[in-house]
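Structure record follows, encoded as structure tokens.
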Amino acid sequence: MSSRSPAVRVVDFNKLPGPIKERFIACTKGGAPPRAIVQQQLTRGGATAGWITLAVLAAAGVAGLWLLGFGEPWHPVQSPAYLVAYVGCVLLVTYSVLAIVRRFKVVGALPYTPGRYLFPLDFVDARSHALRIVPLSTLSDFRGVHQHYNGVYSFTVLTFVFEGGIKETFQVRGKELAESIMAELRGSQAAVRQAVEARDLGRLQVLDPFMTARLEDKWEVEPVPFGGMLPGGAAGAQLTARPIPGWLTWASLPALVLGGAVGAPLFLARNAASDAAAFARVRHGETYELEAYLEHGGKHAEEVRTKLLPRRAFEDAKKKASVTALREVLKKYPGAEVEPEIKTEVHALFVKTSQDFLAQAASDNAALRPFMDKLFGYLEGHDDPRMQVRFRKPSTEALKSVDAEAVKAYGANLMPIGAHFTDAKMQERESSIVSSLGQAFGKIFPADVLSLDLGARATQKLAPADIAQPTIEIGYEVSPSGAVYEEQTGTRKFVGIQVAFAVAMRLPQTGETLEFELAVEPPEEFTVSTSGYGVAADPGAVYDVMAERAFDQLADKLRAVFFRQGTAAYGQTAPPVAPRPPSAPAKPAQPQKPHRPSSADQL
């Protein structure tokens, strides 16, 4: 209602004349004319069912909110946004109860049946002691609209628009009833016009319960206060509209207060109970549940972070018997109370590895075991199991010098060896050595305790400043062995090569070093593949085979330095080098004594 028409009258029911009161009461109860054309009465039963339904749904909402994710690690506590939902649900429950009480109070406080009535001459809003009366003579528009859902009739909305923008609507179920109401409205309006034109006061008296007050303009002749008694004692009291308590008139305000007063503690109590249940669950649950509880803001997050999670992670890592897994726990939970236990467990794994090594270690070099103990100590104190292997091959100048000496000793037809010890050729052989030794180490040392890593080649002997991690430095020199190999049909000669290896194992910072030397001789015989019968062997192939056999021997000798023969770590001889692509059948070559070449040998 945007504005009020001057014709609208608000009348205190208690101030109306007694006969008018009695007649209006009878009209609302259907005991006297006129009967309302359409009405919407407030009764106890009709409203109670609706408000009870709303209250039950709101209470179910509270229960649903309480149980939503209750005790789950992923929802140990609900966010503050849920507080609004708790307050809203409690508010609806409270408001529904107050609405039921108010309805009972209203119906019991008014002598007439409260509601909204459309009489032939007036629309009357009688939902309180103050009657709002709007004359139908100010009706400016009326329409009835049938509502359909999915093509099916549902109800009809009757809309009455009065001067001043006053709008009143009634909802009617049933097309026939709606049509009869509209027909009755038209008929009553015609009857009113006819009675006015005929000045038929008797007829108007029947159509208008307020006709006497309207004709005499006496709407307030008995100013009786609320709770007062009309003349006539009890009979007069029956015609009195009693006031409704103010707190019921403004039910939304106490509902809002109770919603906050009950909803907020309910929200807090739910979170406390849910968190306690979730924490009890994760204490004996899986690691992912502990992590979920921590991530989603459980109230015991600090205890989970500093105690339970590190403890659970430690237990899981301990089952793996892995140094890496244990150290990951230390990285993930620095300063956790299980840190001493983790370090003890890591130490136990290193002790076991040391014992496993000692059980298979070679005993020829007395310095080996003490050095390995210090190596294990260093690796245990550093989070890096890698031991770098770095090779240092002869320089180009040194190889040229070896070739010059060999030519001088064995003649100009001697094939030089320097060109066949290039970086590319040696890199493959060096990698094979590291792989072979790493396989042997891997049978004793877990990869997260000790692993070999091929490092960059050194150009000169490493200085202490060059050692940043445990390192095996392998330097080697190539020299003629004294044996000479000749072609059977040609004049080329090939000198047997001898390789001397100087091995130094070093630890950074401490300067601890284990050094030993190994020398390998060329094989007594070997085969070289050629591209066909009668085709001379490629000099590179001859020296490649010699170098491969030399490095094969080095692999065997290195294993023998560290491990006893017959142990699992020592294993078999070095794995054979991958064969070259098939070609002509190989011919055996025999070494010759120094300075005594023989034409009977064929390469």
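Hydrogens, waters and symmetry mates play no part in the numbers below; they use all other heavy atoms, side chains included.
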Please verify the inter-ring angle class for H148 with H146; under 30° counts as parallel, over 60° as perpendicular, anything in between as tilted. perpendicular
pair P120-V192: side-chain heavy atoms closer than 4.5 Å: yes
Side-chain contact, heavy-atom cut-off 4.5 Å: R311 with E341? yes
Could you check whether any side-chain heavy atom of L16 comes within less than 4.5 Å of a side-chain heavy atom of L131, counting everything from C-beta outward? yes
Angle between ring planes, F170 versus F160, binned at 30° and 60°: parallel, tilted or perpendicular? perpendicular
For L83 and G263, work out which heavy atoms get closest and say how close. CD1-O, 4.2 Å
In terms of heavy-atom contacts, V10 and A130 come closest through CG1-CB, 4.1 Å
Reported CD-to-CG distance for the pair E303 and L290, which is rounded to 0.5 angstrom: 10.0 Å
Check: D200 side chain, A195 main-chain N or O, donor-acceptor pair, under 3.5 Å: no
Indicate yes or no: does E380 engage K343 in a salt bridge with an N to O separation below 4.0 Å. no
So, does Y153 use its side chain to make a donor-acceptor pair with the main chain of G174 at under 3.5 Å? yes
Compare every heavy atom of M211 with every heavy atom of L121, then report the nearest pair and how far apart it is. CD2-CE, 4.5 Å
Whether T156 side chain and K175 backbone form a donor-acceptor pair below 3.5 Å: no
Take L185 and L118, measure what side chain to side chain contact (heavy atoms under 4.5 Å, CB included) needs, and give me the verdict at the end. CA-CA 9 Å; L185 176 62; L118 186 72; 4.2 Å; yes
Looking at side-chain heavy atoms only, is the closest gap between S128 and P114 below 4.5 Å? no
Which distance, rounded to the nearest 0.5 Å, do you find between the CZ of F142 and the CD of Q189? 10.0 Å
Do the charged groups of E315 and K318 touch, with an N to O distance under 4.0 Å? no
To the nearest 0.5 Å, tell me how far D453 CG sits from Q469 CD. 7.0 Å
Might you confirm whether atom CZ of R281 has over 12 heavy atoms from other residues, nucleotides or ligands at distances under 6.0 Å? yes
With a 3.5 Å distance limit and no angle check, can you tell me whether N150 reaches the backbone of V152 through a side-chain donor-acceptor pair? no
Under 3.5 Å donor-acceptor, S354 side chain and F350 backbone: no
Backbone of T324 reached by a side-chain donor or acceptor of E328 within 3.5 Å: no
Can you find a pair of side-chain heavy atoms, one from P34 and one from R23, that are under 4.5 Å apart? yes
Ionic contact status for D356 with K352, cut-off 4.0 Å: yes
Charged N-O contact under 4.0 Å between K332 and E291: yes
Ion pair check, D122 and R9, cut-off under 4.0 Å: no
Looking at Y86, is R270 sitting on its ring face, NZ or CZ under 6.0 Å from the six-membered ring centre and within 45 degrees of the normal? no
Would you mind checking if R143 and D141 are paired as a salt bridge, meaning a charged N to carboxylate O distance below 4.0 Å? yes
Give the minimum heavy-atom separation between Q78 and N271, together with the two atoms involved. N-OD1, 2.8 Å
What orientation do F24 and Y117 show, parallel under 30°, tilted 30 to 60°, or perpendicular over 60°? perpendicular
Between D275 and K299, is there a side-chain N and carboxylate O pair less than 4.0 Å apart? no
Applying ring-ring contact (aromatic ring centres under 6.0 Å, His included), run through W74 and Y293 and close with a yes or a no. CA-CA 6 Å; W74 302 270; Y293 178 86; over 10 Å; no
For the atom pair CG (L65) and CZ (F70), what is the distance rounded to the nearest 0.5 Å? 13.5 Å
Nearest-0.5 Å distance, CZ of residue F119 to OG of residue S188: 12.0 Å
Could you go through R173 and Q171, starting from their C-alpha distance and side-chain angles, then the distance that decides it, and tell me whether this counts as side chain to side chain contact (heavy atoms under 4.5 Å, CB included)? CA-CA 7 Å; R173 297 192 177 277; Q171 190 178 103; 3.4 Å; yes
Between R283 and E289, does any side-chain N to carboxylate O distance fall below 4.0 Å? no
Check: T113 side chain, K29 main-chain N or O, donor-acceptor pair, under 3.5 Å: no
Close side-chain approach of S451 to F445, heavy-atom, < 4.5 Å: no
Side chain to side chain contact (heavy atoms under 4.5 Å, CB included) between L158 and M182, worked out: CA-CA 9 Å; L158 302 177; M182 289 187 283; 4.1 Å; yes
Shortest non-hydrogen contact between D448 and V323, atoms and distance: OD2-N, 3.0 Å
Just by distance, do the side chain of R242 and the backbone of G108 share a donor-acceptor pair under 3.5 Å? yes
Please give me the minimum heavy-atom distance between V93 and A58, naming the atom from each residue. CG2-CB, 3.4 Å
Is there a side-chain contact between V196 and L204 (heavy atoms, below 4.5 Å)? yes
Do the two ring centres, one from F13 and one from Y112, sit under 6.0 Å apart? yes
Apply side chain to side chain contact (heavy atoms under 4.5 Å, CB included) to residues I166 and V8 and explain how you reach the verdict. CA-CA 10 Å; I166 301 172; V8 175; 3.3 Å; yes
Are L375 and L507 side-chain neighbours, meaning at least one heavy-atom pair lies under 4.5 Å? yes
Flag, side chain of T353 to backbone of L349, donor-acceptor distance under 3.5 Å: yes
Any chance you could measure I181, atom CD1, to I37, atom CD1, to the nearest 0.5 Å? 9.5 Å
Carboxylate-amine/guanidinium proximity below 4.0 Å for E168 and R132: yes
